[in-house]
Amino acid sequence: QVKLAEFGGGSVQAGSSLKLACIASGYSYETYCMSWFRQAPGNEREGLATIVEGDGSTHYADAVQGRLTISKDTSRNILYLELNSLKPEDSGMYYCAAERFQCMGGAYVEAWGQGTLVTVSS
């Protein structure tokens, strides 16, 4: 069973950058992709980016295309999300997830991390 833990959130000024990390422990035979989500207060959790375990291919939500980069360090079992040109509307809890199907959809999640908070000020 895989367990996930996010790190790297904080309070930053608009236009700044952050690099989040998700450390995975354990193993799951059912995990097809690793994904990042965020949730702002009062809003639904939304998928941001995903990377397929098998071939390393990546996909991004249209709303954040060009400002986010997902990557992984397979030897250390760490998933990263680099956030650039941050805006106040990017504020929220960021979660990583191991998904079994429909990557970045959040409906077939094997495991969630506890989340890390990102706050962007004007």
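Treat the numbers as computed from the prediction; the structure is a model and nothing was measured. Index from 1, following the sequence.
- Pairs passing the salt bridge (Lys or Arg N to Asp or Glu O under 4.0 Å) check and including a residue from residues 111-122, sequence neighbours excluded, do not occur.
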Can I get a per-line list of side-chain donor-acceptor pairs under 3.5 Å for residues 95-102, giving both atom names and the distance, sequence neighbours left out?
| residue | atom | partner | partner atom | Å |
| --- | --- | --- | --- | --- |
| E99 | OE1 | S35 | OG | 2.5 |
| E99 | OE1 | M104 | N | 2.4 |
| E99 | OE2 | G105 | N | 3.4 |
| E99 | OE2 | G106 | N | 2.9 |
| R100 | NH1 | E110 | OE1 | 2.9 |

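- The backbone N or O of L4 sits nowhere less than 3.5 Å from a side-chain atom of W112 that would complete a donor-acceptor pair.
- For residues 113-122, no pair satisfies salt bridge (Lys or Arg N to Asp or Glu O under 4.0 Å), with sequence neighbours left out.
- Listed by first then second residue, pairs satisfying salt bridge (Lys or Arg N to Asp or Glu O under 4.0 Å) with a partner in residues 7-19 number zero, not counting sequence neighbours.
- When every heavy atom of S28 is checked against every heavy atom of V2, the shortest pair comes out as CB-CG1, 4.1 Å.
- A side-chain donor from one of E6 and Q114 sits under 3.5 Å from a side-chain acceptor of the other.
- For residues 71-88, the salt bridge (Lys or Arg N to Asp or Glu O under 4.0 Å) pairs, not counting sequence neighbours, are E53-K72.
- Heavy-atom neighbours of E89 CD from other residues, nucleotides or ligands within 6.0 Å: above the threshold of 12.
- Within the 4.5 Å cutoff, the side chain of Q39 has no heavy atoms near those of the E46 side chain.
- Residues passing the side chain to side chain contact (heavy atoms under 4.5 Å, CB included) test with D55, sequence neighbours excluded: V52, S57.
- The minimum heavy-atom distance linking C103 with T50 is given by the pair CB-OG1, 3.5 Å.
- To the nearest 0.5 Å, the span separating CG on N84 from OG1 on T69 amounts to 6.0 Å.
- A chain of hydrophobic side-chain contacts below 4.5 Å, direct or via other Ile, Leu, Val, Met, Phe, Trp or Tyr residues, connects I78 to F7.
- Annotation: Y32, atom OH; neighbour count of heavy atoms from other residues, nucleotides and ligands within 6.0 Å does not exceed 12.
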